[in-house]
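Everything on this sheet refers to the single structure shown next.
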Amino acid sequence: MADLIPALQNALRDAVRRLLPEPADADALEVPVLRVPDDKPGDYGSPIAFGLAKTLRRNPAQIAAELAAAVVPPEGVARVEAVGPYLNAYVDPGAFVRAVIAAPLDLPPSGRKVVVEHTSVNPNKEAHVGHLRNIVLGDAVARIERAAGHRVEVQNYIDDTGRQAAESLFAIRYFDETPPADEKYDHWLGRLYVRLGEAKERDPETIERGVAEVMHRLERGELRHEVERIVRAQLATYHALGAEYDLLVWESDVVAAGFLQRGLEVLERLPHVTRPAEGKFAGALVMDVSEFLPGLEEPQVVLVRSGGNAMYVAKDIGYHLWKVGRLAGMAYRAFDRQPSGHTLWTTHPDGAAEIEGHDFGHAQQAVNVIDVRQAHPQAIVRAALELTRAADAADDDTAAEAVLHHLAYEVVTLEGQAMSGRKGVTLAIDAVLEEAVRRARAVVADKQPDLPAIDDVARAVGVGALRFAMLKSEAKRVIDFRWEQALSLAGDSAPYVQYAHARADSILRAASEAAAAVRAADWDALGPLEVKLAQLIARYPEVVRNAAHDDAPHVVAQFALDLATAWNGYYNHRGPDGRPDTAVLRAEPGLREARLALVAAVRDTLARALSLLGVEAPRQM
RNA sequence: GCGCCCGUAGCUCAGUCGGAUAGAGCGUUCGCCUCCGGAGCGAAAGGCCACAGGUUCGAGUCCUGUCGGGCGCACCA
């Protein structure tokens, strides 16, 4: 609960003030308050006496005892007592649980806008398990940032002028094949791409010439329609995973909008960006990034080669200057209608500069979900953004604070092997999805054969299990993808949480069906078991804040597991006599209503946490 | 060589930005449906939190070093 802890901190601070020779010293005092371990008495505790022991030069346990005597418990706290050197508070169960249930789950709007870029798969083949982590992570981060009160725009960058797209498109002509009706377009293209790689050994000149020509056509935007076809096929996969986007950003449009040139003009005004007349960088445009990347052997980064060609980072910098509102001049139009009904927009040469109700870019923060191997180039983009911001702040202190957070996630290996598209050590997301849903369906059919919407449930469970497996541990952890582990339906998994949710919902359903004599809740009948559950629910806003601050979905996943575990434990709890003592529906009137309210809060909080991870919470499973 | 990340139970991972006797899942062993969903619950076993110093009343958490593993260090994208 939001205000109980500050109230407790204030009460403790007041007590300290009475104890100190210089009462003013207490004003700035930090009062740590934590939940007490399960085997210790009390609900919230503070180690405040430790810190005071030093300045007072006295035994902390003694100080704790004196503070306990001096403290005036705030509303909602029954009493405060010393437990050794700790100061533990017992909340008043009725008041506490009621307050937790009444507290809003939503965080207030921040007024900040965050652009989350993720997916950004090359438009030349089907997405594989390596991309899976990116998509799921990015999607969850977007949901979490939104829940934290920020305006969020999800961008998916389409590298339509790259070599990979060119190779795939050229392969169609080279092998002169037409896509089969029974194979997804991106899968078919991926196969041609691999075949072309093999054919290069036999016929290098023709292929090299052909690919180069396709690249030029791509740059001129002549093959837009062909690339769009690939992108649409890939989008079907992302949508099946539950991910949606706000805007596709095409590299050819970034270039056509002049962001490369204009970005370079912005950079050239910086003292860090120079054009050496001699030395190894003679004729090139370079940027000194030593301020941001200390310890580099070579602090100069080439932006434009001495031959005049721009490096890729330069394009990326231009793109990012637009993201944070330093450049404008892009055109947009609708691309697709996504499963939720949300329109997916795209940049487009024939689009409109203004779209009613949309203000693309102009973010205060950019989050880039890109694997850790890109850490270097990302740091360079970030350095460029920081440098331009610093330059602006010098003569205009209203310059927006724009920060780039590179969410660097580790790679996914496949059964211990490094993933490699070329070598064919790869696994398509579509195949994994199919298998996940198939396995989930078998379990659902076994456990709940009479379930009405069995296919929907199997999908929710299968996809949920997969997403959860990608999200439950930190991004910087290497994930080795293994079937039985990723699709586990037991233990630390989405189905475990979903099951807890469905169980709560089934109680609430039964209650509403039997709603004959509804009493007013008797909050005072609640006890310590309910407090433990409510304490977890009360953490939710803090969990969202922390997860958003660090762009760390695993924080939410771990919370969902904790809450589900606590709820399952409560549900199965037995009293000293060995009999269940937490029955909800069969509890006495009054207590029953209070418990029902708590169960509803459990269910809603579980559903909310799962939704932040993009995991559905079926009412039955 | 330089830089970043990781080292916690047999395996896979958490650990509330320094607090109480380090927690889960999987696996192993033993229990629990005359009771609201057993995809569940309870219990047992399993740990020099890589190692060595340091800071602190207090270190898995912060600092330094060592060892082991991963990744990155282009006028490539």
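Numbers restart at 1 for each chain; the letters A, B, ... are given by sequence-line order, proteins then strands. Heavy-atom basis, side chains included; hydrogens, waters and symmetry copies ignored.
- Distances shown here put a side-chain N or O of A:K476 below 4.0 Å from the OP1 or OP2 atom of B:rC6.
- In this structure, A:G279 and A:D492 both approach RNA chain B, and ranking their closest nucleotides by distance from the 5' end singles out A:D492.
- When both distances must be under 3.5 Å, the Watson-Crick or G-U wobble mate of B:rC2 is B:rG72.
- A salt bridge does not link A:R509 to A:E513: none of the charged side-chain nitrogens sits closer than 4.0 Å to a carboxylate oxygen.
- Without hydrogens or angle criteria, A:W567 side chain to A:V602 main chain gives no donor-acceptor distance under 3.5 Å.
- Closest approach to the A:D39 side chain among B:rA39, B:rC75, B:rU21 is made by B:rU21 (side chain taken as heavy atoms from C-beta onward).
- Comparing B:rC6 with B:rA44, their C1' atoms sit 32 Å apart, to the nearest whole Å.
- Which of B:rA14, B:rU12, B:rC71 sits closest to the side chain of A:Q485 comes down to B:rU12.
- Distance CD (A:E30) to P (B:rG19): 12 Å, rounded to an integer number of Å.
- Within the structure, a side-chain polar atom (N or O) of A:Y496 is placed less than 4.0 Å from OP1 or OP2 of B:rC41.
- Salt bridge status for A:R545 with A:E542: absent, with no side-chain N to carboxylate O gap under 4.0 Å.
- Across all strands shown, nothing is found opposite B:rC17 as a Watson-Crick or G-U wobble partner with both distances under 3.5 Å.
- With B:rA20, B:rA77, B:rC13 as the candidates, the nucleotide lying closest to the side chain of A:Y312 is B:rA77.
- In this structure, B:rA24 forms a base pair with B:rU12, meeting either the Watson-Crick or the G-U wobble geometry with both donor-acceptor distances under 3.5 Å.
- Applying the 4.0 Å criterion to OP1 and OP2 of B:rA20, one finds that A:K40 has every side-chain N and O outside that range.
- Note: NZ (A:K54) to P (B:rG19) measures 15 Å, nearest angstrom.
- When the nucleotides B:rG40, B:rG38, B:rA39 are ranked by their closest atom to the side chain of A:Y571, B:rG38 comes out on top.
- Distances from the side chain of A:H554 to the nucleotides B:rG15, B:rA24, B:rC36 place B:rG15 closest.
- Side-chain N/O atoms of A:E530 and A:Y570 include a donor and acceptor closer than 3.5 Å.
- In this structure, B:rC62 and B:rG54 make a Watson-Crick or G-U wobble pair, each of the two defining distances being under 3.5 angstrom.
- Across all strands shown, B:rG42 forms a Watson-Crick or G-U wobble pair, both distances under 3.5 Å, with B:rC30.
- B:rG68 sits 15 Å from B:rC51 when the P atoms are compared, rounded to a whole Å.
- Taking a pair to require two hydrogen-bonding distances under 3.5 Å in either a Watson-Crick or a G-U wobble arrangement, B:rG47 remains unpaired.
- A close approach under 4.0 Å does not occur between any side-chain nitrogen or oxygen of A:Y570 and OP1 or OP2 of B:rC41.
- The pair A:K280-A:E298 counts as a salt bridge, with a side-chain nitrogen and a carboxylate oxygen less than 4.0 angstrom apart.
- Going from atom OH of A:Y409 over to atom P of B:rC71 covers 16 Å, rounded to whole Å.
- One finds no salt bridge joining A:R579 and A:D581 here, because no Lys/Arg side-chain nitrogen approaches an Asp/Glu carboxylate oxygen to under 4.0 Å.
- A stacking contact between A:F50 and B:rG58 is absent: the pair does not combine a ring-centre distance of less than 5.5 Å to the base's six-membered ring with planes differing by less than 30°.
- Considering only the side chain of A:R477, B:rA14 comes nearest among B:rA77, B:rA14, B:rC36.
- Taking every side-chain heavy atom of A:R574 into account, B:rC32 is the closest of B:rC32, B:rG40, B:rG37.
- Side-chain N/O atoms of A:S506 include one lying less than 4.0 angstrom from OP1 or OP2 on B:rG37.
- Here the side chain of A:D550 is nearest to one of B:rA39, B:rC17, B:rG37, namely B:rC17.
- One atom, CG of A:N124, and another, C1' of B:rA77, lie 13 Å apart when rounded to the nearest Å.
- When each of A:G569 and A:V304 is assigned the nucleotide of RNA chain B bearing its nearest heavy atom, the one mapping closer to the 5' terminus is A:G569.
- Taking a 6.0 Å sphere around CD of A:E278, one finds it holds 12 or fewer heavy atoms contributed by other residues, nucleotides or ligands.
- Distances shown here put a side-chain N or O of A:N568 below 4.0 Å from the OP1 or OP2 atom of B:rC41.
- Residue-level contact check: A:H549 touches the bases, meaning some heavy atom is under 4.0 Å from a base atom.
- Separation of the P atoms belonging to B:rG47 and B:rA24 is 15 Å when rounded to the nearest angstrom.
- Taking a 6.0 Å sphere around CD of A:E616, one finds it holds 12 or fewer heavy atoms contributed by other residues, nucleotides or ligands.
- B:rC33 shows a glycosidic angle within 90° of 0 and is accordingly assigned syn.
- In this structure, the nucleotide among B:rG40, B:rA20, B:rA77 sitting nearest to the side chain of A:D159 is B:rA77.
- Closest to the A:H376 side chain, of the nucleotides B:rG72, B:rC36, B:rG37, is B:rG72.
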